[in-house]
Protein chains: 2
Amino acid sequence: MDITQALTAFAALSQPLRLDAFRLLIKAGATGMAAGDIAVALGAKPNTTSQNLAHLVQARLIFSTRAGRSIIYTADMQGLSALLHFLLEDCCGGRPDACASLIETLAPCCPPNSQNTPKDLTS
Amino acid sequence: MDITQALTAFAALSQPLRLDAFRLLIKAGATGMAAGDIAVALGAKPNTTSQNLAHLVQARLIFSTRAGRSIIYTADMQGLSALLHFLLEDCCGGRPDACASLIETLAPCCPPNSQNTPKDLTS
DNA sequence: TCCATAATTCATGAAATATTGAAGTATAAA
DNA sequence: TTTATACTTCAATATTTCATGAATTATGGA
């Protein structure tokens, strides 16, 4: 991750439609969503949505795969991880407690002891 | 954290000088840095730097305190945490392994078992 | 092949953002 | 009080970014 790509990523997230789209895809998970469904969900026009999704792809925040006539967009967790790593590089400087609140932020989502034991896959 | 504030934060990080400044303050830690020192470190003019730091303050990514004639800027880890929480809301949807890589990103910085036991405070 | 569906690409005017120099405010020292 | 230092605010221009409508590409079915 270089600074140019990080700037591209943050610029991608600094526009309402794109931020909404990315958060929608975060919630959608690994299944992803078709471009058309994203446009409907966000109440935006297909061409506008398409151009904004292209921004997110270039920023490596999402990726696309074709499925018949549809194009499925999915959040790129690896890309997001690289971005956060770039942003937080050397954040602690010998004092890990300085960013403990960041860990707490992710804790409700991914508690350390349950990374490989999903809460509920029976329902 | 509402969407407007999140957009302000990402817009703040989408400009070269501001991204550099924020990362510099992340590395500087709780001590922070004076506005003039930041400008020198980044090779930017004082007024340009000042205006860009103001963006980061409004975005709640940094905060300022006065010390004599200097104004000290410091990274706002709580604000950053709120931003990431907003971005990653419901990111797992019952499948925490989906964002395990995000945890790994922060792990080198803040290993789960050493949040309150800094690596080295003797030097 | 012909048509419909799904999505993208292109060009343009409108809106937002960035940088600059000049002027202004606040603190400290002579 | 006068001067210097540290930083910010203001106003203007230049640049970048955005949404829109029209045209284009790709796939699937009749």
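As a basis for the values below, the full set of heavy atoms in this structure was taken, side chains included, without hydrogen atoms, waters or symmetry mates. A quick note: this is a predicted structure, and the numbers were derived from the prediction, not measured. We name chains A, B, ... by the order of the sequence lines, and we start the count at 1 in each one.
- For G36(B) and Q51(B), each mapped to the nucleotide of DNA chain D holding its nearest heavy atom, the one lying further toward the 5' end belongs to G36(B).
- Close to dT16(D), at under 4.0 Å from its OP1 or OP2, lies no side-chain N or O of Q15(B).
- The interatomic distance linking N47(A) (CG) with dT24(D) (C1') rounds to 13 Å, in whole Å.
- Atom CE of M33(B) and atom P of dA6(D) are 14 Å apart (whole Å).
- The phosphate of dC18(D) has OP1 or OP2 within less than 4.0 Å of a side-chain N or O from R18(A).
- The distance from atom CZ of R66(B) to atom C1' of dT5(D) is 11 Å, rounded to the nearest whole Å.
- Taking only side-chain nitrogens and oxygens, Y73(B) never comes nearer than 4.0 Å to OP1 or OP2 of dA6(D).
- In this structure, CG in L17(B) is found 12.5 Å from NZ in K45(B), a value given to the nearest 0.5 Å.
- Residue whose closest nucleotide on DNA chain D sits further toward the 5' end, between A67(A) and S14(A): S14(A).
- With a 4.5 Å cut-off on side-chain heavy atoms, I71(A) and T65(A) do not count as touching.
- Contact between the side-chain N/O atoms of K45(B) and the OP1/OP2 oxygens of dC7(D) is not found at any separation under 4.0 Å.
- The phosphate of dC7(D) has OP1 or OP2 within less than 4.0 Å of a side-chain N or O from S70(B).
- At dT19(C), none of the side-chain N or O atoms of T48(B) fall inside 4.0 Å of OP1 or OP2 (strictly under the cut-off).
- L7(A) and L13(B) fall within a single hydrophobic cluster, where Ile, Leu, Val, Met, Phe, Trp and Tyr side chains are chained together by heavy-atom contacts under 4.5 Å.
- Atom CG in L7(A) sits roughly 16 Å away from atom P in dT17(C) (whole-Å rounding).
- Among the protein residues, A34(A) comes within range of the sugar-phosphate backbone only, with heavy atoms under 4.0 Å from sugar or phosphate atoms but none that close to a base.
- Here A39(A) lies out of heavy-atom contact (under 4.0 Å) with every strand.
- If you measure from atom NE2 of H55(B) to atom C1' of dT8(D), you get 13 Å, rounded to the nearest angstrom.
- Computed from coordinates, the R69(A) CZ to dA6(C) P distance equals 6 Å when rounded to whole Å.
- Nucleotide dT17(D) holds its C1' atom 19 Å from the CZ atom of F10(A), rounded to whole Å.
- The phosphate of dC7(D) (OP1 or OP2) has no side-chain N or O of T49(B) nearer than 4.0 angstrom.
- Phosphate proximity of dT19(C) to N52(B): present, with a side-chain N or O under 4.0 Å from OP1 or OP2.
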